[in-house]
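All values reported here derive from a predicted model rather than from experimental measurement. When a ligand or atom number is given, it counts from 1 through the structure's own listing order.
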Amino acid sequence: MKVLKIDHLGIAVHSIEEAKKLFQDTLGLKFEGSETVAEQKVTTAFFPVGDSEVELLESTAPDGPIAKYLEKRGEGIQHIAFRVENIEEALAELKEKGIRLIDEKPRLGAGGAKIAFLHPKSTHGVLIEISERED
Ligand code: ZN
C-alpha cells in the first residue's frame, strides 16, 4: 500500500460555530464549508492547511460516535486520516498484516471520499482513518 500524505486531522468539538472562531478568525484558516454525514450522525467542517486539512466534527445526535467521544474524553483530536492510493488494496494488506479493521469495506465519507477506520487497539491508541479521493 502507498500512503500519499496526511489527508486531515479530525477534531471533535461541541460546536463548529464556536470552534470556527479559533480556526477561522484567530488562526486565519480558510473555511471550506460544512457537510452533514447523516449515517455517521456528524457534521464536518473543513479548513485546508497546506497539503492537509483540519476537519472539525460536531455530533448531530446524542447517540452518535462523536457525542460518545466527547462524553468520554472531551474535545480534542479524534482521528488522523492518511490518504492512500487504493483503499481496497490498503485494507486487504492491513488485514493480512493482522491490523484490526473497524470497516472491512470502504464507506462514503465527507466530500465523496472512500474511507475506512482502523481499530485503535491495533494502532497504538490512535484512531486512524484511511481515505481515497480525487482532489
Ligand atoms: Zn476524517
Selection residues 82-93 - residue pairs positive for salt bridge (Lys or Arg N to Asp or Glu O under 4.0 Å), sequence neighbours left out
Asp7-Arg83, Arg83-Asp135, Glu88-Lys114, Glu93-Lys97
Just to verify, what does Phe46 make a ring-ring contact (aromatic ring centres under 6.0 Å, His included) with, not counting sequence neighbours?
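If we apply the ring-ring contact (aromatic ring centres under 6.0 Å, His included) test to Phe46, skipping adjacent residues, the hits are His8.
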With Phe117 via ring-ring contact (aromatic ring centres under 6.0 Å, His included) - residues at least two apart
His79
Could you see if Leu101 belongs to whatever hydrophobic cluster contains Leu127? Use Ile, Leu, Val, Met, Phe, Trp, Tyr and a side-chain cutoff under 4.5 Å.
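Leu101 does not cluster with Leu127.
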Closer than 2.8 Å to the Zn ion (ligand 1), which protein N, O or S atoms?
His8 NE2, Glu55 OE1, His79 NE2, Glu129 OE1
With rounding to the nearest 0.5 Å, note down the distance linking CG in Leu56 to CG in Leu9.
10.5 Å
Are Lys20 and Phe31 in a cation-pi contact, defined as NZ or CZ under 6.0 Å from the six-membered ring centre and within 45° of the axis?
yes
